[in-house]
Amino acid sequence: MSLQQNIQAIRVHIPPHVRLVCVSKFHPNEIVLEAYNCGERIFGESKVQEMCDKHETLPVDIFWHFIGHLQTNKIKYIVPFVDLIHGVDSYKLLVEIDKQAQKVGKIVDCLLQIHIAREETKFGFSAEELIDTLEQEAWKDLKNIRICGLMGMATYTDNREQIRAEFHGLKTLFDQLKTAYFSSEPAFCELSMGMSDDYQIAVEEGSTLVRIGSSIFGHRNY
Ligand SMILES: *Cc1c(COP(=O)(O)O)cnc(C)c1O
């Protein structure tokens, strides 16, 4: 199938209120442009250097989403142009993003990453850690970040019911936090969950942003 057919095949399953993040990491500019020419405007990258290089050379109306694990010393490179940071996994990182955002006079949209998978390797807050952090209220002083919702990655498994339960749990936490801490914040409305192998389940469970790479661009050569 062509890249255009890949995108069309995915778009059929994505309702209009769900946004598609085309995960272009490790793919060269020509391929990203192909997706751009199919009408796609949101691209996701997981390495700071790669995202900066692509941002410099690709069309200016692309919305760049950072979906990787962000190191504090590299935040400054992406803050000036990033549209959404999906994987904020510590309070310290949030403070640091706020600091860099303040320097350039910007408010940076962030999603808090929650650890929902059984694997130890995935990053993120536990629900308890996040609730502790939100209870502290110090985050309310961070005026240059906007918490727009949550992000999570399900366990890498063939067990569809387990994946569904993990996404369902994330949606439940999202609703709980919305009521408890963000009821007067319309910006808290995003739930980033779902990748190539599980986005249909994620959409059924309430995702608003799916992050799809290999089903669009094929396999990555690391
Ligand atoms: C690479 C990556 C994706 C895309 O994964 P595919 O399985 O290729 O769709 C989505 N989310 C994150 C956080 C990633 O690192």
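Order of appearance sets the numbers: ligands from 1, and atoms from 1 within every ligand. Computed from heavy atoms alone, side chains included, the values below leave out hydrogens, waters and symmetry copies.
Applying the salt bridge (Lys or Arg N to Asp or Glu O under 4.0 Å) definition to pairs two or more places apart or across chains, those involving residues 18-36 are R19-E190. Residue pairs meeting the salt bridge (Lys or Arg N to Asp or Glu O under 4.0 Å) criterion with at least one member in residues 149-159, sequence neighbours excluded, do not occur.
Protein residues lining ligand 1, listed by chain and number: V23, K25, I67, M151, M153, M195, S196, R211, I212, G213, S214, R220 [non-hydrogen atoms, distance under 4.0 Å].
S192 and H86 are linked by a side-chain donor-acceptor pair at a separation below 3.5 angstrom, with hydrogens and angles left out of the test. No side-chain donor-acceptor contact under 3.5 Å links Q200 and E204.
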List the atom pairs, donor and acceptor, that lie under 3.5 Å between side-chain atoms in residues 66-74 and the rest of the protein, sequence neighbours left out.
from: H69; atom 1: ND1; to: D89; atom 2: OD2; distance (Å): 3.0
from: Q71; atom 1: OE1; to: K74; atom 2: NZ; distance (Å): 3.4

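A 4.5 Å side-chain heavy-atom check between L150 and L177 finds at least one atom pair inside the cut-off.
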